[in-house]
Amino acid sequence: MIKAALIFNNHGKPRLTKFFTYYTEEMQQQIIRETFLLLSKREDSVCNFLEGGTLIGGSDFRLVYRHYATLYFVFCVDSSESELGILDLIQVLVETLDRCFENVCELDLIFHMDKVHYILQEIVMGGMVVETNQTEILTHIEAQQQIEKKEAGVFGSMGPKNISMGGAPARALSAAKSMAPNVNLPKLADLQNISLPSFKKL
C-alpha cells in the first residue's frame, strides 16, 4: 500500500502532499522535513529507494523517489509494493503531468494544484494503484476539462451582474425547469433583489 505521495523542490518546499494514512498536520510537516533530509543527502548516482524515516514507519516502509530537475517525486510504500513498480508509477505520473501542462515545471504545480491532485487521484486512490495506462488517465482528464468548460459556459452566460452568485444557482434553475417545464420560476436577476427582513428590530 502507498502511504504517502510527496513532491517537493530542491529546497524542501512541498509542492504536493497526499497522505493516504492519517497524520496530524504537525506530523505531516515533520515527515516532509525528515524525508527531504534523507533524500537531499543522496547523490544522483545511487539507487532510487531507501528505508523510510522513523516518523513514517522506519524499516517496514520504503521511500521510492525520482529527482527531476528541481523536483523530487516521492512515494512512501510498505513491503507489499514493488519498488520498481513504484518507479514506473512515478514515471507515469511525471509523463502525464508533462502531457497536461506541456513541459511541466514547478510553477505549474503551484498554480494548478487542483488539477495536479486530480491527476494523482486518477492514478492512486486510497493508497492503492488504480490506473497506470497513460491513455486512460488522459482520457479521464480531458473529460473532466470538458465538464469544467461546460460549467464555465453556464457561469459566463449569467452575465456580469450575476457573477457573484456563481454557477450553482443557474444549474439549479435549469435543472428545475427541465423537471417542471410549465412552472414559472424567477430569474436570477430577480433573486438578487429580494430583500430579507432585518433582525435588528426583533
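Side-chain atoms are counted along with the backbone in the values below, which use heavy atoms only and exclude waters and symmetry mates.
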Under a single-linkage rule joining Ile, Leu, Val, Met, Phe, Trp and Tyr whose side-chain heavy atoms are separated by less than 4.5 Å, which residues share a cluster with Leu37? none

Could you state whether Leu107 and Phe101 fall into the same hydrophobic cluster, counting links through intermediate Ile, Leu, Val, Met, Phe, Trp or Tyr residues with side-chain heavy atoms under 4.5 angstrom apart? no

Quick one: CZ on Arg15 to OH on Tyr72, what's the gap to the nearest 0.5 Å? 14.5 Å

Within this structure, what is the OG1-CD distance for the pair Thr96 and Gln91, rounded to the nearest 0.5 Å? 9.5 Å

Heavy-atom pair with the smallest gap, counting every atom of Thr132 and Leu89: CG2-CD1, 3.9 Å

Quick check: closest heavy atoms across Ile119 and Leu93, and the distance to 0.1 Å? CG2-CD1, 4.0 Å

Looking at Ala5 and Phe75, what are the two nearest heavy atoms and their distance? CB-CE2, 3.9 Å

Minimum heavy-atom separation for Phe61 and Cys76, please, with both atom names. CB-SG, 4.1 Å

Are any side-chain N or O atoms of Thr70 and backbone N or O atoms of Asn9, one a donor and one an acceptor, separated by less than 3.5 Å? no

Using the ring of each side chain (for Trp, its six-membered ring), is Tyr68 parallel, tilted or perpendicular to Phe73, with breaks at 30° and 60°? perpendicular

Evaluate the side-chain proximity of Asp98 to Asn103: yes if any heavy-atom separation is below 4.5 Å, no if none is. yes

Could you measure the distance from the OG1 atom of Thr17 to the CD atom of Gln29? Nearest 0.5 Å is fine. 7.5 Å

Would a 4.5 Å heavy-atom cut-off, applied to side chains only, mark Leu109 and Leu71 as touching? yes

Atom pair CG/CD of Leu63 and Glu83 - distance to nearest 0.5 Å: 10.5 Å

Please report the interatomic distance CD(Gln144) to CD(Gln146), rounded to the nearest 0.5 Å. 10.5 Å

Applying a strict under-4.5 Å side-chain criterion to I, L, V, M, F, W and Y, I'd like to know whether Ile86 and Leu50 cluster together. no

Any side-chain to backbone donor/acceptor pair from Asn48 onto Val64? Under 3.5 Å, distance only. no

Do the non-hydrogen side-chain atoms of Phe19 and Ile31 ever get within less than 4.5 Å of each other? yes

State which residues pass side chain to side chain contact (heavy atoms under 4.5 Å, CB included) with Glu26; sequence neighbours excluded, sorted by chain then number. Thr24, Gln30

Of all heavy-atom pairs between Ser80 and Asp78, which one has the smallest distance, and what is that distance? OG-OD1, 2.6 Å

With the 4.5 Å side-chain cut-off for hydrophobic clustering, are Phe49 and Val94 part of the same group? yes

Regarding Asn10 and His67, do their side chains bring together a donor and an acceptor under 3.5 Å, going by distance alone? yes

Tyr23 vs Lys3 side-chain heavy atoms within contact, under 4.5 Å: yes

Phe8 vs Val74 side-chain heavy atoms within contact, under 4.5 Å: yes

To the nearest 0.5 Å, atom CE of Met125 lies from atom CD1 of Ile2 at 12.0 Å

Any residue meeting salt bridge (Lys or Arg N to Asp or Glu O under 4.0 Å) with Glu81, in chain and number order, not counting sequence neighbours: none

Without swapping roles, check the side chain of Asp88 against the backbone of Gly85 for a donor-acceptor pair under 3.5 Å. no

Heavy atoms, side chains only, cut-off 4.5 Å: are Gln121 and Lys18 in contact? yes

Does some side-chain heavy atom of Cys100 sit less than 4.5 Å from a side-chain heavy atom of Leu97? no

